[in-house]
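Excluded from the calculations below are hydrogen atoms, water molecules and symmetry mates; all remaining heavy atoms, backbone and side chain alike, are included.
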Amino acid sequence: GLVAKPPATPSGTLPIHIDELEMPSRPEVAPALTDREVWVDPLPGDEELQEWLAAFGEVEEVFRLKDVTTGRPSDRGYVLFKEHSAAKACVEVRSGAWSESERALSWQGKRRGKRTAKASHTYPESLITYLIGNHGVVMNEVRKACGLNSLRLRGHTLSEDACAISKRLHFLAAGGKASLDRLQEELEKHLETFHDQVHAWFEKKQKQARRKEFLQRKKQERLDDERQQKAEKDEEQIDAEEDSDSEFPPDADGEVAEQPPHLLPPDAMPPAIMPLPHHASPT
């Protein structure tokens, strides 16, 4: 069915999936539109599982982690939905959290050796590169700090090692009990460092965006001031041209004075004051 059964864990090996770790510094950022997987803890039992999942949408796969003590499927695991919207609905009601494994593996190629990654990612940097990059500095630090015999990172596209217990991102550690007991704490410390780097990147981008917005606003204000000044000058010029076109200068109030009646041309004078026509005297 939809529920994938975890394979047997190699003898003397402790598996830890990335989403089992505490992540107090995990950035609260919007998911990528390609994200479809959520981590669920606790995951309902098989009897209630189908009905519970139906409330969110269609499911492609459910992967239950194995209890390291009993060896039986536990009540924690991953749900891969067919649509992003279904996974988002599950997260929004706090029934699950976005899969850190999916976020990390989204940077990997679709096939081993192929570096074609997804078009979009939740994080600006690759967690896997942080862990195994630079000749595996971080993984070696963790292994030495815990006194482990070996520490490997496994997951889809990372390795075809038969020891891998799932397609999700997980660690496989081998060592004594005391060493294994320290492993989770050491991994959480380095995961917090990575999340702090992601936080710093987002804060830098937000600061740049705020500065860009500020500069654009100041530029717009200058343009508005220039337009206003030009409009005022144009208005003054129009007023000056109208004044120069007037036959009489403006009076003290800025209004053009009316022409006195006695200065009007004869043919424009009122009939009452028109001069009488001159008649010649008879000789």
Side-chain angles (χ1 to χ4, degrees), residues 18-19 21-39 56-57 80-110 115-134 137-138 169 188-246 250 253-255:
I18 191 73
D19 288 277
L21 301 175
E22 294 292 333
M23 293 181 273
S25 298
R26 189 188 200 196
E28 294 184 5
V29 295
L33 295 178
T34 50
D35 289 349
R36 297 184 294 124
E37 186 172 81
V38 297
W39 164 258
F56 306 116
L80 178 62
F81 289 93
K82 289 186 177 181
E83 301 291 341
H84 170 82
S85 57
K88 183 179 179 182
C90 182
V91 173
E92 286 179 344
V93 297
R94 300 184 181 277
S95 291
W98 290 109
S99 167
E100 193 74 2
S101 170
E102 184 182 43
R103 290 182 175 184
L105 292 170
S106 72
W107 282 90
Q108 300 303 109
K110 295 181 180 179
R115 307 303 299 173
T116 303
K118 286 186 178 180
S120 60
H121 315 282
T122 305
Y123 295 153
E125 301 174 5
S126 168
L127 171 58
I128 294 173
T129 299
Y130 169 79
L131 292 170
I132 64 177
N134 196 18
V137 170
V138 172
L169 189 65
E188 288 172 351
K189 182 176 68 176
H190 284 281
L191 183 57
E192 183 175 4
T193 299
F194 172 77
H195 284 160
D196 288 343
Q197 291 179 5
V198 174
H199 267 298
W201 185 90
F202 277 113
E203 288 176 358
K204 180 180 178 181
K205 286 296 181 181
Q206 290 171 355
K207 184 177 180 180
Q208 291 174 343
R210 288 194 297 269
R211 176 167 176 76
K212 182 178 180 180
E213 182 182 356
F214 170 78
L215 293 175
Q216 289 177 337
R217 187 169 64 251
K218 297 300 290 185
K219 180 180 179 181
Q220 187 61 47
E221 289 175 356
R222 288 195 301 270
L223 291 174
D224 291 343
D225 289 342
E226 291 173 0
R227 292 193 186 99
Q228 181 64 26
Q229 293 174 6
K230 185 178 185 303
E232 292 175 355
K233 288 182 180 179
D234 291 345
E235 187 175 352
E236 291 175 358
Q237 184 176 356
I238 292 172
D239 291 343
E241 291 174 354
E242 290 178 348
D243 291 342
S244 65
D245 290 342
S246 176
D253 295 329
E255 299 292 337

Atom [atom1] in [X], atom [atom2] in [Y]: separation rounded to 0.5 Å?
{"X": "K88", "Y": "F81", "atom1": "NZ", "atom2": "CZ", "answer": "14.0 Å"}
{"X": "E102", "Y": "L105", "atom1": "CD", "atom2": "CG", "answer": "8.5 Å"}
{"X": "M23", "Y": "L191", "atom1": "CE", "atom2": "CG", "answer": "6.0 Å"}
{"X": "D196", "Y": "W201", "atom1": "CG", "atom2": "CH2", "answer": "16.0 Å"}

With side chains defined as the heavy atoms from C-beta onward, is the minimum distance between [X] and [Y] less than 4.5 Å?
{"X": "V93", "Y": "F56", "result": "yes"}
{"X": "E125", "Y": "W107", "result": "no"}
{"X": "T122", "Y": "S106", "result": "no"}

Would you check if there is a donor-acceptor pair between the side chains of [Y] and [X] at a distance under 3.5 Å?
{"X": "Q197", "Y": "Y123", "result": "no"}
{"X": "Q220", "Y": "Q216", "result": "no"}
{"X": "S99", "Y": "D35", "result": "no"}

Applying side chain to side chain donor-acceptor pair (under 3.5 Å), name anything that partners S101, two or more places apart in sequence or on another chain.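 In terms of side chain to side chain donor-acceptor pair (under 3.5 Å), with neighbours along the sequence ignored, S101 is linked to no residue.
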So, applying side chain to side chain contact (heavy atoms under 4.5 Å, CB included) with F194, which one of L127, V138, L131, T129 is it?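 Checked L127, V138, L131, T129 against F194; only one passes side chain to side chain contact (heavy atoms under 4.5 Å, CB included): L127.
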Determine the minimum heavy-atom distance between [X] and [Y], stating which atoms define it.
{"X": "G57", "Y": "A86", "result": "CA-CB, 3.9 Å"}
{"X": "R36", "Y": "W98", "result": "N-CZ3, 4.4 Å"}
{"X": "A32", "Y": "H121", "result": "CB-C, 4.0 Å"}
{"X": "A87", "Y": "V38", "result": "O-CG1, 3.8 Å"}

For H199, give me all partners under ring pair (Phe, Tyr, Trp, His ring centres under 6.0 Å), at least two apart in sequence or on another chain.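 Expected list: none.
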Only one of H190, R26, E100 forms a side chain to side chain donor-acceptor pair (under 3.5 Å) with H195, so which one is it?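 By the side chain to side chain donor-acceptor pair (under 3.5 Å) criterion, H195 pairs with just one of H190, R26, E100: E100.
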Is the shortest distance from a Lys or Arg side-chain nitrogen in E236 or K233 to a carboxylate oxygen in the other one below 4.0 Å?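 Judged by the 4.0 Å cut-off on N to carboxylate O distance, E236 and K233 do not form a salt bridge.
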Stepwise salt bridge (charged side-chain N to carboxylate O under 4.0 Å, His left out) check, R227 with D224: CA-CA 5 Å; R227 292 193 186 99; D224 291 343; 3.2 Å; yes
Does atom CD (E232) have a neighbourhood of more than 12 heavy atoms from anything else shown, all under 6.0 Å?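 More than 12 heavy atoms, drawn from other residues, nucleotides or ligands, come within 6.0 Å of this atom.
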In this structure, are over 12 heavy atoms from other groups packed under 6.0 Å from E221 atom CD?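 Yes, the 6.0 Å shell around CD holds more than 12 heavy atoms from other groups.
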Output all residues satisfying salt bridge (charged side-chain N to carboxylate O under 4.0 Å, His left out) with R211, sequence neighbours left out; order by chain, then residue number.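 None.
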